[in-house]
Amino acid sequence: RRRNGNVQTTTNETIEEAMEDIRATVLKIPKLATWAADNNRGHNDIIKKVSSYLNQIGEHINKKTDTNDTNSADMWNWTAKTCGFKRGGIAIQDLYMQLCDEQEM
């Protein structure tokens, strides 16, 4: 772990370790369009699956953030990069937060 002034950054190796348990779920996201086509599923089925995956990923990141010094922004960036979400970690985290807000309603 390196410290830059007061900002703590997480090494790539630490992120890989922190995210190992959720890697398979993250890797399912880019495969959903093919899954839907192969199984004659529609847009709503894809949305349900993405919502489920985002919930699992968000819960995992929240647990890791609570138990380690791992930076949640780094974990969301890893998630976005790993699943090919081009808008980045902040955008995928925002989607997760919107999903949480909708579930509370």
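If you're wondering where the values come from, they're calculated on a predicted model, not measured in any experiment. All residue numbers in this chain count up from 1 along the given sequence.
Note that OG1 of T82 and CD1 of I22 are 11.5 Å apart. Values are rounded to the nearest 0.5 Å. Rounded to the nearest 0.5 angstrom, Q56 CD and S51 OG are separated by 11.0 Å. A distance of 12.5 Å separates CD1 in I15 from CD in E20, rounded to the nearest 0.5 Å. Note that SG of C83 and CZ of R23 are 12.0 Å apart. Values are rounded to the nearest 0.5 Å.
Cluster annotation: M97 and L54 are assigned to the same hydrophobic cluster (Ile/Leu/Val/Met/Phe/Trp/Tyr, side-chain heavy-atom contacts under 4.5 Å, transitive).
Contact annotation: the side chain of I61 approaches that of T79 to within less than 4.5 Å [non-hydrogen atoms, C-beta and beyond]. No side-chain heavy atom of W76 sits less than 4.5 Å from a side-chain heavy atom of K81. You'll find the side chain of S72 stays beyond 4.5 Å of the side chain of N62, heavy atoms only. At a threshold of 4.5 Å between non-hydrogen side-chain atoms, the residues I92 and N77 do not count as touching. When side chains are defined from C-beta on, R87 counts as touching L95, because their heavy atoms get closer than 4.5 Å. In this structure the side chain of Y96 reaches within 4.5 angstrom of the side chain of N55, judged on heavy atoms. Residues K49 and R41 form no side-chain contact, since every pair of their non-hydrogen atoms from C-beta on lies 4.5 Å or further apart.
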task = Decide side chain to side chain contact (heavy atoms under 4.5 Å, CB included) for M19 and K64; before the verdict, give the C-alpha distance in whole Å, the side-chain angles of both, and the deciding distance to 0.1 Å.
result = CA-CA 9 Å; M19 299 303 285; K64 290 293 181 180; 5.6 Å; no

inquiry  = Before you tell me yes or no, could you show the steps for D45 and W35 under side chain to side chain contact (heavy atoms under 4.5 Å, CB included), namely the whole-Å CA-CA distance, both residues' side-chain angles and the distance that decides it to 0.1 Å?
reply    = CA-CA 10 Å; D45 292 318; W35 166 85; 4.0 Å; yes

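Here the closest heavy-atom approach between residue A18 and residue H60 is recorded as O-NE2, 2.7 Å. Taking every heavy atom of both residues into account, A80 and G89 meet most closely at CB-N, 3.6 Å.
Within 6.0 Å of CG on N40 lie no more than 12 heavy atoms contributed by other residues, nucleotides or ligands. Counting non-hydrogen atoms of other residues, nucleotides and ligands closer than 6.0 Å to CG of L27 gives a total above 12.
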